[in-house]
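Note that the structure is predicted; figures quoted are calculated from it, not measured.
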Amino acid sequence: MIPFPETRISGRDYNGATMYPKTAPVERSSGSFGLGDWEVRPRDNELVLGQETRHLEPMVMDLLVFMTASAPEVVSKNAIIDSVWEGRYISEGTLTNTIAELRRVLGDDARHPRFIETIPKRGYRVVAEIRGRETIKALGRGEVDRSKHPAEAFDPRRVLVLPFENRTGDPSRDVIGLMAMDWLSQGLARWAVGDVVPASTAREMVRQADAPHGCDPVLNAAAETGAGVIVWGSYYLDGGSILLQANVTDANEERLLWALDPVVGRSDRVVEIIETLRQRVAGLLACHYASGTEELGQVGLGWLGVPPPFDAYREFLEGREQVLGDMAAAKRHFRRVVELAPGFAPAWANLIVCHLNTGDCVAAAAAVDAMEASCSIDRPGLEYLRRFFRARLEGQWMTALAALQSMEALIPNDGPTKILVATAALRAGRPRLAVEACSSIRLRGRFVRHPASVVRCRLIASAHHVLGEHDRELEQIRAVAAAIPNPIAVLGLEVRALAAAGRLEDVEKVLDQSLSVPAARALAGRLMLEAAVEMRAHGQRKAAMEMAGRTVAWVERQGRDRAPGEVLGGAFSVAERWLEARELYERGAAEDELQALGAVGWLSIRVGDTARADEVDTSLQQIQRPFLFGEPMLQRACIEAHRGDHDRAIELLCEAFAAGLPHDERLHRDLGLEPLWGEPKFREVVGS
């Protein structure tokens with residue numbers, strides 16, 4: 001239902017500032033019912049008491065009809081939103097304001113209710129006498145004149161801002177409605193938020209409009225301009241303050257997208273009030289146009305929370321652009337967004353993900369607490385998001401995946417949600433589900449070149465890699481490499497896939513290419529090590545050792561101080577230069593790096609130093625701190641595997657998974673687990 005009065009507009013009786021005529025709404029035959037002393041006429045949006053007639057906005061009338069039909073039962077806030085607002089995303093404040101407006105018109109008092117009683121923590125109840133209950137029914141939509149513009153001509157990116165309705169009772173304030181329209185139209189156009197109908201066109205269209213009898217003016221305005229999104233609203237006086245309320249309607253679906261909370265300010269500072277409203281409307285529409293698609297980089301209205309001001313949304317986009325290149329910069333942008341718009345859930349979600357991706361689980365947990373405090377977690381989408389992060393921080397991957405799948409059911413076309421589903425599916429040992437989630441994301445237009453497409457590529461390539469589907473893995477990687485401006489970002493994925501598939505000549509070609517491109521030359525050592533590790537994991541030990549030797553030589557030429565230590569340590573290990581590898585990893589172990597400590601343990605077995613291996617195993621058992629996700633048990637499993645106790649190694653590995661160790665592609669090629677690679681039980685446990 002579109003909450004706008006059904007009126008007949010003509011140039012003769014149009015008041016010059018709003019969509020409303022000076023005449024009363026068009027009468028339509030309908031049943032009425034009694035509520036206390038009032039006669040309620042739903043079709044006319046009227047309350048009648050003797051000679052007095054009071055008009056209600058349609059949404060307020062819908063609320064009254066629904067609550068009356070439910071009497072004498074208590075109706076919850078969620079039930080009201082689901083029925084009256086048809087489950088659309090509104091804040092609790094919008095419902096509270098609508099209840100307050102209904103009480104005002106009825107002449108009711110919340111402290112001594114005669115019509116509507118508030119039941120704390122439960123909802124509301126109609127307590128007045130009801131007569132003619134059988135005639136109570138929900139309102140229908142007015143018909144739209146589509147003869148000039150059929151439904152498919154309503155451009156979803158075309159935005160029309162209508163003059164706001166003056167509900168102050170003071171005709172001298174009509175200019176505020178026109179000012180709101182002008183400022184909103186200009187701001188949306190300047191910020192390129194949709195294809196905005198010029199304010200002058202909208203004003204002239206309204207002035208000359210002659211809508212068919214019984215037509216909804218909002219939808220008829222859409223038909224006149226072909227706009228698929230209509231912004232409209234009203235403003236009120238409350239003592240010395242002005243309340244400006246905006247609504248956004250989807251003309252194609254004939255539904256209210258959002259009813260924003262009123263902007264309130266002093267009546268002598270109207271410009272500031274309108275500017276605040278302009279920021280909110282622009283932020284909401286920017287999110288709207290970035291959601292409802294299967295493309296990457298989108299926000300998703302399903303877990304939007306409170307729409308941000310447009311300045312905050314631009315900061316949010318800056319953060320999204322920095323995620324892959326400069327995580328620290330991305331965090332700064334997202335922190336700024338949550339300062340400007342603490343109720344904007346996607347900014348919190350991105351900040352939390354950045355913390356998780358950099359291994360800062362303590363900061364991530366603190367951000368989850370802050371998100372819960374700042375966002376109203378009273379919508380299923382936000383509740384599922386909260387459950388996901390809590391489960392993720394506890395290493396409960398199947399629980400995290402289930403929460404995301406529930407969220408995906410609510411917003412099935414949201415790209416970021418699908419990315420999270422794919423990530424959780426991989427870590428829960430469900431690579432096929434990860435492939436399905438990534439494959440359902442469409443890459444169109446500018447999003448083909450969006451940095452987030454690399455994230456999708458990494459996920460789907462890793463899933464195919466775990467499944468042993470290396471041809472499909474290469475197909476995905478090369479498609480992205482051909483489209484993105486920086487194909488170097490996926491060179492490592494290509495080397496991994498080629499080496500796993502045994503295509504050693506192609507591996508050499510990619511390595512030669514990396515050495516010939518200055519921007520990629522610094523990656524050559526990592527690429528060579530990637531190839532060496534994959535070759536060894538796929539049964540090509542001799543070729544792997546030769547490639548590892550080349551990696552060591554490359555590092556030596558560059559200078560050890562200029563190459564990452566893990567590259568040289570990994571190369572020594574693949575080349576079976578065990579003592580040199582252990583010496584390097586001892587340095588990392590001294591800095592409390594768990595993987596380095598575990599490597600010292602199993603390398604000590606390799607060189608016959610069982611005493612040092614025992615020391616490492618004891619140290620790993622004594623480590624007790626949060627967010628380890630089973631890593632100490634994994635490292636102990638590596639030591640037991642090299643001792644030759646395969647059953648104990650697999651037992652520890654299972655304990656690690658129970659403690660939150662993610663299933664990922666590193667397990668099938670971890671040299672610490674090499675003695676287990678041929679064990680059927682091992683392959684069953686790790687899912688490779």
Side-chain angles (χ1 to χ4, degrees), residues 1-8 18 20-77 79-81 83-86 90 94-120 122-142 165-169 214 216 234 236-238 243 245 247 256 259 262:
M1 189 200 71
I2 303 300
F4 213 81
E6 298 177 19
T7 57
R8 182 177 179 83
T18 74
Y20 288 78
K22 294 180 180 178
T23 56
V26 175
E27 292 189 5
R28 301 173 66 178
S29 60
S30 174
S32 301
F33 64 91
L35 181 66
D37 296 332
W38 291 98
E39 178 188 356
V40 182
R41 299 175 179 175
R43 282 292 183 182
D44 296 328
N45 297 315
E46 290 180 346
L47 298 177
V48 179
L49 178 61
Q51 299 300 311
E52 181 181 5
T53 299
R54 295 184 181 179
H55 295 277
L56 295 178
E57 288 197 27
M59 186 63 74
V60 180
M61 178 59 78
D62 271 4
L63 175 62
L64 176 59
V65 170
F66 173 71
M67 293 181 62
T68 305
S70 303
E73 300 297 326
V74 177
V75 287
S76 68
K77 294 176 181 179
I80 293 173
I81 292 171
S83 179
V84 178
W85 279 269
E86 299 178 359
I90 67 166
T94 299
L95 172 58
T96 303
N97 291 335
T98 309
I99 291 284
E101 171 66 8
L102 181 55
R103 281 176 167 149
R104 184 189 67 78
V105 176
L106 288 168
D108 200 11
D109 185 344
R111 292 169 295 183
H112 306 287
R114 294 182 299 112
F115 292 92
I116 301 172
E117 179 184 11
T118 299
I119 310 298
R122 291 187 60 197
Y124 302 95
R125 173 171 60 195
V126 171
V127 295
E129 177 190 2
I130 302 170
R131 304 178 306 281
R133 185 185 291 270
E134 69 278 359
T135 66
I136 299 174
K137 55 185 179 179
L139 293 175
R141 294 185 178 92
E165 181 200 4
N166 183 359
R167 289 292 189 94
T168 67
D216 187 311
S234 52
Y236 308 80
L237 273 179
D238 182 11
L243 285 77
Q245 166 80 52
N247 306 284
L256 185 69

Minimal non-hydrogen separation, Val105 against Trp38, with atom names: O-CZ2, 3.9 Å

Check: Pro113 main-chain N/O paired with Arg103 side-chain donor or acceptor under 3.5 Å: no

Nearest-0.5 Å distance that lies between atom CZ in Arg167 and atom CG in Leu237: 13.0 Å

Interatomic distance, Ile80 atom CD1 to Leu63 atom CG [nearest 0.5 angstrom]: 5.5 Å

Side chain to side chain, His55 and Asn45, heavy atoms closer than 4.5 Å: no

Side chain to side chain contact (heavy atoms under 4.5 Å, CB included) evaluation trace for Met67 with Ile99: CA-CA 11 Å; Met67 293 181 62; Ile99 291 284; 3.9 Å; yes

Atom pair CG (Asn166) and OH (Tyr236), whose distance is rounded to the nearest 0.5 Å: 10.5 Å

Criterion side chain to side chain contact (heavy atoms under 4.5 Å, CB included) on Leu35 and Val126, from CA distance to verdict: CA-CA 9 Å; Leu35 181 66; Val126 171; 3.8 Å; yes

Side chain proximity check, Leu47 to Leu64, heavy atoms < 4.5 angstrom: yes

Closest contact, heavy atoms only, Phe33 versus Thr68: CE1-CG2, 3.7 Å

Arg54 atom CZ, over 12 foreign heavy atoms within 6.0 Å: yes

Shortest non-hydrogen separation from Ile116 to Asp108 and the atoms involved: N-OD2, 2.9 Å

Non-hydrogen atoms of Arg114 and Gly107 that approach each other most closely: NH2-O, 3.1 Å

Distance-minimising heavy-atom pair for Pro42 and Ser32: CD-CA, 4.4 Å

Arg125 side, atom CZ; Phe115 side, atom CZ - distance, nearest 0.5 Å: 16.0 Å

Close side-chain approach of Val74 to Glu117, heavy-atom, < 4.5 Å: no

Heavy atoms of other groups near Asp37 CG, more than 12 under 6.0 Å: no

Nearest-0.5 Å distance, CD of residue Glu101 to CG of residue Leu106: 10.0 Å

Any donor-acceptor N/O pair, Ser76 side chain to Ala79 backbone, under 3.5 Å: yes

Expected output: side-chain Asp238 to main-chain Leu243 donor-acceptor under 3.5 Å: no

Expected output: side-chain Arg41 to main-chain Val48 donor-acceptor under 3.5 Å: no

Any donor-acceptor pair under 3.5 Å from Asn247 side chain to Ala259 backbone: no

Approximate separation, where rounding is to 0.5 Å, of Leu56 CG and Thr98 OG1: 11.5 Å

N/O donor-acceptor pair under 3.5 Å between Arg131 side chain and Gly36 backbone: yes

